[in-house]
Amino acid sequence: MKHLKTSVLPALKIFLIFTVVCGVIYTAAITGFAQIVFPDKANGSIIEVDGKKYGSELLGQQFIDDTHMWGRIMIIDGETFTNKDGEKTMYGLASNSSPASEDYEKVIAERVAMIEAANPEQKGKQIPVDLVTVSGSGLDPHISLAAAEYQIPRLVRTTGKSEAEIRKIIDKYTDHGFLGYFGETTVNVLKVNLALDGILK
């Protein structure tokens, strides 16, 4: 009993105190602070226009039609995952294929053929590597500026917009890195496509 009072009970009190402080008070304070200072980021950076949500600017979406800019290749699993209502949901996966494997080489060749077929104006030009490879997360919402510019001729042909108009849209949704110097220059594919559709201005 003495051991219980001198060791177990004080340890239990400390455990409860830290649980309340770190698990409840700290969490509530940080959540409240985030909601006040940057609510958009705290809630997932959802792109919402006129009350309609189009997705998060932090998560990639798959575009494979000629009138939209294509993002990174996505490996979509639409069979394994279901939501709370039992409906099938799509989920992007990362690739664990070895670059040295024959299967990987075959997959890349197929992707190259697909990109070339969709962009005949760029025949003979090197395809930016991020258009034929999967990102580490499988859900990267960005592509390189080179990958975006590679698709401009197709978008001019299919959207009815001029090259200048499309370049203006791409430039608007290009991130030049921290302070314009640190990090890669990337283009947010979803934002560009929403702008191409006239949803984002």
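- Residue I25 shares its hydrophobic cluster (ILVMFWY side chains chained together at separations under 4.5 Å) with V20.
- Under the side chain to side chain contact (heavy atoms under 4.5 Å, CB included) criterion, V156 pairs with I152, E163, I166, not counting sequence neighbours.
- Taking the side chain to side chain contact (heavy atoms under 4.5 Å, CB included) definition, one finds that A109 meets it with nothing, sequence neighbours left out.
- Applying the salt bridge (charged side-chain N to carboxylate O under 4.0 Å, His left out) rule to D130 yields no partners; only residues at least two apart in sequence or on another chain are considered.
- Applying the salt bridge (charged side-chain N to carboxylate O under 4.0 Å, His left out) rule to E48 yields no partners; only residues at least two apart in sequence or on another chain are considered.
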Donor-acceptor pairs under 3.5 angstrom involving side-chain atoms of residues 188-201: please list them, not counting sequence neighbours.
{"from": "N188", "atom 1": "OD1", "to": "L190", "atom 2": "N", "distance (Å)": "3.3"}
{"from": "N188", "atom 1": "OD1", "to": "K191", "atom 2": "N", "distance (Å)": "3.0"}
{"from": "N188", "atom 1": "ND2", "to": "E57", "atom 2": "O", "distance (Å)": "2.9"}
{"from": "K191", "atom 1": "NZ", "to": "E57", "atom 2": "OE2", "distance (Å)": "3.4"}
{"from": "N193", "atom 1": "OD1", "to": "M69", "atom 2": "N", "distance (Å)": "2.6"}
{"from": "N193", "atom 1": "ND2", "to": "M69", "atom 2": "O", "distance (Å)": "3.0"}
{"from": "N193", "atom 1": "ND2", "to": "V189", "atom 2": "O", "distance (Å)": "3.4"}
{"from": "D197", "atom 1": "OD1", "to": "H68", "atom 2": "NE2", "distance (Å)": "3.0"}
{"from": "D197", "atom 1": "OD2", "to": "H68", "atom 2": "NE2", "distance (Å)": "2.8"}
{"from": "K201", "atom 1": "NZ", "to": "G198", "atom 2": "O", "distance (Å)": "2.9"}

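- Using a 4.0 Å cut-off between charged side-chain N and carboxylate O, R157 and E121 make a salt bridge.
- Other members of the cluster containing F15 are L12, L16, with ILVMFWY side chains joined at under 4.5 Å, either directly or via other members.
- For the atom pair OG of S56 and CG of L139, the computed distance is 10.0 Å after rounding to the nearest 0.5 Å.
- When hydrophobic residues (I, L, V, M, F, W, Y) are linked wherever their side-chain heavy atoms come within less than 4.5 Å, the members clustered with I14 are F18.
- E184 has its side chain within reach of T186: a pair of non-hydrogen atoms, C-beta onward, lies under 4.5 Å apart.
- T133 meets the side chain to side chain contact (heavy atoms under 4.5 Å, CB included) test with R72, Y104, I108, V129; sequence neighbours excluded.
- Once rounded to the nearest 0.5 Å, the distance linking OH of Y150 with CD1 of I115 reads 7.0 Å.
- Under the rule for a side-chain hydrogen bond (donor to acceptor under 3.5 Å, both in side chains), K172 has no partner lying at least two apart in sequence or in another chain.
- The hydrophobic cluster containing I127 does not contain V107, counting ILVMFWY residues as joined when their side-chain heavy atoms lie under 4.5 angstrom apart, directly or transitively.
- Between T27 and G23 the shortest heavy-atom distance is OG1-O, 3.2 Å.
- Residues forming a side chain to side chain contact (heavy atoms under 4.5 Å, CB included) with E110 (at least two apart in sequence, or on another chain): K106.
- Listed by first and then second residue, the salt bridge (charged side-chain N to carboxylate O under 4.0 Å, His left out) pairs that reach into residues 7-18 come to none, sequence neighbours excluded.
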